[in-house]
Amino acid sequence: MQISLPDLPYSHDALAPHISADTMETHHGKHHRGYVEKANNLIRGTAYENRPLEDIIVASKKAGDTAIFNNTAQAWNHSFFWQSLRPGGGGKPQGAIAERITKDLGGYDQFRDSFKQAGANQFGSGWAWLVLDGGQVKILSTHDADNPLLQGQVPLLTVDVWEHAYYHDHKNTRPDFLETVIDNLLNWDFANENLAAAKAG
Ligand code: MN3
């Protein structure tokens, strides 16, 4: 099965001014496309070739197939990231995820602060995540291409904190990028869908 580059679920300029069309065109059209193409080239003719993407990610990490892991995980992480954002999103969530944030994290203000800190304090490249871990909603960050699937956690939302995600629009101010994403772009509907799917599964 070919790993595919999904279309963005909105236009390139739909997240501006928080994330510019320029950034989206490069991030999706060059970076994400590059990971997808490299991943397909690397798995072609190997035992990984016809497996589901999530299985390849976990198996290649375990086997120490670093290039395959890096490119397949980055392909998955970016697809998940585009869905974690939406025009007119951000701010306080509604529904089940709001209840879980109150119960497990102490409320929206604590979420906002902890999620921003997780992304800002991730040393070097990586990702900030909201996950479901053993029935608890948690915030964490991962390095480079690592993701919560490796720990058996269920990803609910993510934000890319690699420099290519924010440098063009926000220069070196990663905390400002995180704040603008949290306040204006997070797709809480997607988090609620992931939470409902996890409960059903
Ligand atoms: Mn990226």
Side-chain angles (χ1 to χ4, degrees), residues 2-43 53-54 56-58 60-61 66-87 89-90 115-131 139-151 153 155-187 190-191 194:
Q2 280 273 112
I3 297 162
S4 60
L5 179 71
D7 289 336
L8 288 174
Y10 31 72
S11 63
H12 284 104
D13 61 0
L15 306 182
H18 316 292
I19 302 177
S20 67
D22 269 3
T23 291
M24 292 305 291
E25 280 163 15
T26 306
H27 200 171
H28 177 259
K30 306 284 186 195
H31 290 275
H32 192 182
R33 183 185 301 281
Y35 293 125
V36 169
E37 287 176 354
K38 280 181 205 149
N40 280 317
N41 288 335
L42 286 163
I43 64 172
L53 180 55
E54 289 83 356
I56 302 173
I57 291 166
V58 175
S60 61
K61 182 72 172 185
T66 306
I68 289 178
F69 168 75
N70 283 337
N71 286 283
T72 55
Q74 284 293 80
W76 191 95
N77 292 349
H78 282 87
S79 296
F80 197 83
F81 176 45
W82 310 135
Q83 297 177 82
S84 295
L85 308 178
R86 73 172 181 88
F115 195 82
K116 182 178 159 185
Q117 292 305 321
N121 293 338
Q122 170 58 39
F123 186 77
S125 297
W127 300 81
W129 301 88
L130 184 68
V131 304
I139 290 165
L140 52 94
S141 64
T142 59
H143 181 59
D144 285 352
D146 283 357
N147 72 34
L149 301 175
L150 302 172
Q151 312 298 332
Q153 298 156 326
L156 302 175
L157 284 179
T158 195
V159 175
D160 188 341
V161 298
W162 285 55
E163 281 192 348
H164 65 232
Y166 62 87
Y167 214 87
H168 180 72
D169 300 327
H170 300 273
K171 299 298 177 227
N172 58 317
T173 57
R174 192 194 283 182
D176 290 358
F177 164 69
L178 284 154
E179 204 166 280
T180 205
V181 168
I182 293 166
D183 291 347
N184 300 286
L185 298 178
L186 283 185
N187 185 352
F190 184 57
N194 291 322

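Each ligand, and each atom within it, is numbered from 1 in the order the structure gives.
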**Q** Parallel under 30°, tilted from 30 to 60°, perpendicular over 60°: which one fits the rings of W76 and F80?
**A** parallel

**Q** So, using ring pair (Phe, Tyr, Trp, His ring centres under 6.0 Å) as the criterion, who are the partners of H164 when residues are at least two apart?
**A** H27, H31, H78, W162

**Q** Test of understanding: with ring pair (Phe, Tyr, Trp, His ring centres under 6.0 Å), list the residues that count as partners of H12, not counting sequence neighbours.
**A** none

**Q** How would you list, by chain and number, every residue that makes a ring pair (Phe, Tyr, Trp, His ring centres under 6.0 Å) with H168, sequence neighbours excluded?
**A** none

**Q** In terms of ring plane angle, is the pair H32 and W82 parallel, tilted or perpendicular, where the classes change at 30° and 60°?
**A** tilted

**Q** With a 3.5 Å cut-off and no angle check, do the side chains of N40 and E37 form a donor-acceptor pair?
**A** no

**Q** Closer than 2.8 Å to the Mn ion (ligand 1), which protein N, O or S atoms?
**A** H27 NE2, H78 NE2, D160 OD2, H164 NE2

